Amino acid sequence: MTITILNQKFTLGEVWKIKGSLIWMIMSPQKIVNFLQVKISLLRKNVSVNGYPYVLMIEASSFCDMVCPMCPIEMEGTMRKRGEMAYEKFKNLMEEIGDTTMAICFWNFGEPLLNKNIFRMIREAKKYNIFTAISTNLLSLNDCQKQEKLMECGLDYLIISFDGATQDTYEKFRGKGNFYPVLTNLKELLVLKRKKSLKLPFVNLQFIIMKDNEKEISLIRNMSKELGVDKLSLKKFTYIGNNAESFLPENSDYILGKHKSVTNMNRCARPWDSTVISWDGEVLPCCGDLNFSYKHGNCFGEDSFETIWNSKRYKTFRKRVLDDINNIPMCKTCPSTDFTTDMFVE
């Protein structure tokens with residue numbers, strides 16, 4: 001038996017491993033009330049949301065220690081300011097909306113582990129019983145102290161991007177000389193987790209299926225079993241834009257539906273239930289906004305997040321999503337059709 005959570009299937013055993021974190025996340029009456037208020041606002045198609053986003057995507061750092069050819073930032077040639085989110089800014093944000101936040105995903109574009117305060121930020125979020133997740137290439141987790149901090153900070157969910165089961169294939173996507181250092185870091189981390197008898201963080205090895213690695217699916221399955229990770233995710237190539245076709249696998253079962261045909265979006269809940277906050281405080285409706293074309297304000301400036309959340313600009317954007325979503329350029333290139341699309345093979 002499996003349970004589908006945000007486009008991906010989890011076995012009951014996998015869910016059981018993170019049950020403690022999920023229970024703590026929903027034990028707060030304030031979080032539950034906020035969740036229901038947001039859902040009701042969405043159902044009623046209210047552009048002013050009675051509640052705050054219960055999922056935050058926090059860009060801890062816009063720096064990255066890899067140059068991956070399939071990264072949307074690289075493919076689009078997007079110029080981004082580089083920096084890392086200050087701990088005090090994040091702490092202030094938690095004081096403002098931590099009580100209503102259920103989950104924080106520490107990713108957008110950049111490597112979160114390059115932020116020197118990332119573990120303090122996770123610990124701060126856990127004070128509010130927030131479910132915390134990181135997506136990382138793991139290259140920088142190369143010393144014992146950093147590995148210890150990752151194990152001890154309270155992180156719930158760790159996604160490791162690993163797109164090749166052999167050195168040659170992996171390094172086509174993740175850079176020359178990176179395969180064995182990352183594999184070593186992963187092995188050491190898993191040994192440390194077992195040594196400490198820890199259930200968390202839940203370790204998810206994520207393999208994006210592309211033309212140059214689709215023949216290694218059986219190899220990555222064997223590797224994940226040998227390593228002893230908690231889950232292997234086989235993800236379809238989700239970027240739609242310039243040069244995307246060159247990465248698509250030959251097996252159509254591994255190709256996202258929106259790549260196969262021009263598909264309109266049916267709906268999108270993200271402008272109501274979640275938001276993206278860049279390292280320097282820009283508030284965005286979605287991680288698909290590569291060029292910050294739809295930023296609604298800066299919560300590290302004069303405006304509070306609460307002010308921005310129901311500002312005229314945000315409400316105008318929500319109305320456009322309701323009335324004309326398929327004519328919003330960012331939404332045209334979104335891999336999703338209704339936020340429950342087929343992003344994962346398993």
Side-chain angles (χ1 to χ4, degrees), residues 52-66 71-73 78-143 145-159 201 274-311 313-314:
Y52 297 104
Y54 50 83
V55 177
L56 303 181
M57 187 179 291
I58 297 292
E59 185 181 66
S61 171
S62 65
F63 291 111
C64 192
D65 46 5
M66 289 186 179
C71 173
I73 295 293
T78 302
M79 299 300 293
R80 290 283 313 278
K81 289 191 296 182
R82 304 297 181 183
E84 64 179 41
M85 186 174 290
Y87 169 72
E88 289 300 327
K89 297 292 187 182
F90 177 77
K91 184 179 179 182
N92 293 340
L93 181 67
M94 289 296 94
E95 290 173 356
E96 189 175 3
I97 57 171
D99 288 331
T100 53
T101 302
M102 288 184 158
I104 292 179
C105 305
F106 285 97
W107 62 70
N108 187 32
F109 293 103
E111 169 53 52
L113 293 184
L114 293 180
N115 186 317
K116 61 183 178 294
N117 289 308
I118 186 63
F119 305 123
R120 291 181 70 195
M121 294 164 72
I122 293 167
R123 286 196 297 272
E124 186 67 28
K126 294 309 296 181
K127 292 178 183 178
Y128 296 85
N129 292 328
I130 296 170
F131 187 92
T132 55
I134 274 185
S135 180
T136 173
N137 61 41
L138 215 66
L139 182 61
S140 66
L141 199 76
N142 53 4
D143 68 72
Q145 283 190 334
K146 203 168 184 180
Q147 292 168 5
E148 289 272 357
K149 289 179 180 179
L150 179 60
M151 287 291 108
E152 295 172 356
C153 68
L155 180 68
D156 299 297
Y157 202 96
L158 178 67
I159 299 171
S274 65
T275 200
V276 177
I277 300 176
S278 70
W279 68 271
D280 54 352
E282 297 291 352
V283 179
L284 312 169
C286 174
C287 58
D289 188 4
L290 304 183
N291 296 301
F292 288 24
S293 301
Y294 305 94
K295 59 186 180 183
H296 299 311
N298 191 302
C299 63
F300 295 165
E302 294 181 0
D303 293 328
S304 66
F305 179 84
E306 294 176 352
T307 300
I308 294 169
W309 182 239
N310 276 317
S311 64
R313 187 177 296 180
Y314 225 136

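Numbers here simply count residues along the sequence, with the first being 1. Nothing here was measured: the structure is a model prediction, and the numbers come from that model. We use all heavy atoms of the structure for the numbers below, so side chains are in, but hydrogens, waters and symmetry mates are not.
- Closest approach of N137 and C64 over heavy atoms only: ND2-SG, 4.2 Å.
- Distance check: F300 CZ to L93 CG gives 6.0 Å after rounding to the nearest 0.5 Å.
- Residues satisfying the salt bridge (Lys or Arg N to Asp or Glu O under 4.0 Å) test with D289, not counting sequence neighbours, are none.
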Quick one: side chains of residues 126-133, donor-acceptor pairs under 3.5 Å with protein atoms, not counting sequence neighbours, listed by atom name and distance.
unit_1, atom_1, unit_2, atom_2, d
K126, NZ, I130, O, 3.0
K126, NZ, D156, OD1, 3.3
K126, NZ, D156, OD2, 2.8
K127, NZ, E124, OE1, 3.1
T132, OG1, D156, N, 3.3
T132, OG1, D156, OD2, 3.2

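- L113 approaches S140 most closely through the heavy-atom pair CB-OG, 3.5 Å.
- Remark: Y157 engages F202 in a ring-ring contact (aromatic ring centres under 6.0 Å, His included) (not counting sequence neighbours).
- The salt bridge (charged side-chain N to carboxylate O under 4.0 Å, His left out) pairs that include a residue from residues 297-310 number zero, where partners must be two or more places apart or lie in different chains.
- R313 places a side-chain N or O within donor-acceptor distance of the main-chain N or O of K295, the cut-off being under 3.5 Å.
- When all heavy atoms are compared, the tightest approach of C299 to S304 is CB-C, 4.4 Å.
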Let me have the donor-acceptor pairs involving side chains of residues 97-110, under 3.5 Å, with sequence neighbours excluded, atom names and distances please.
unit_1, atom_1, unit_2, atom_2, d
T100, OG1, I97, O, 3.1
T101, OG1, I97, O, 2.8
N108, ND2, E59, OE2, 3.2

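- Proximity of a side-chain donor or acceptor of N291 to a complementary backbone N or O of S293 within less than 3.5 Å is not detected.
- The minimum heavy-atom distance between P112 and I134, with the atom names listed, is CG-CG2, 3.9 Å.
- Remark: E152 engages K196 in a salt bridge (Lys or Arg N to Asp or Glu O under 4.0 Å) (not counting sequence neighbours).
- You'll find the side chain of E111 stays beyond 4.5 Å of the side chain of F63, heavy atoms only.
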Original post:
E88 and N117: side-chain contact (heavy atoms from CB on, under 4.5 Å), yes or no, with the steps?
Top reply: CA-CA 10 Å; E88 289 300 327; N117 289 308; over 6 Å; no
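- W279 places none of its side-chain heavy atoms less than 4.5 Å from the side chain of N115.
- For K149, the NZ atom is loosely surrounded, since the number of other residues' heavy atoms within 6.0 Å does not exceed 12.
- To the nearest 0.5 Å, atom CE of residue M121 and atom CZ of residue R123 are 12.0 Å apart.
- Scanning all heavy atoms of the two residues, the minimum distance from L150 to L141 falls at CD2-CD2, 3.6 Å.
- In this structure the side chain of M57 never reaches within 4.5 angstrom of the side chain of S274, judged on heavy atoms.
- A distance of 5.0 Å separates CZ of F292 from CG of L284, quoted to the nearest 0.5 Å.
- Inter-residue side-chain proximity for K116 and Y87 is flagged as unmet; no heavy-atom pair is nearer than 4.5 Å.
- For the atom pair T136 OG1 and L114 CG, the distance stands at 8.0 Å (nearest 0.5 Å).
- Two residues are said to be in side-chain contact when any heavy atoms from C-beta on lie closer than 4.5 Å; T275 and L56 meet this criterion.
- In this structure, the side chain of S61 does not engage the main chain of M85 through any donor-acceptor pair within 3.5 Å.
- Of all the heavy atoms in D280 and K81, the pair that sits closest is OD2-NZ, 3.1 Å.
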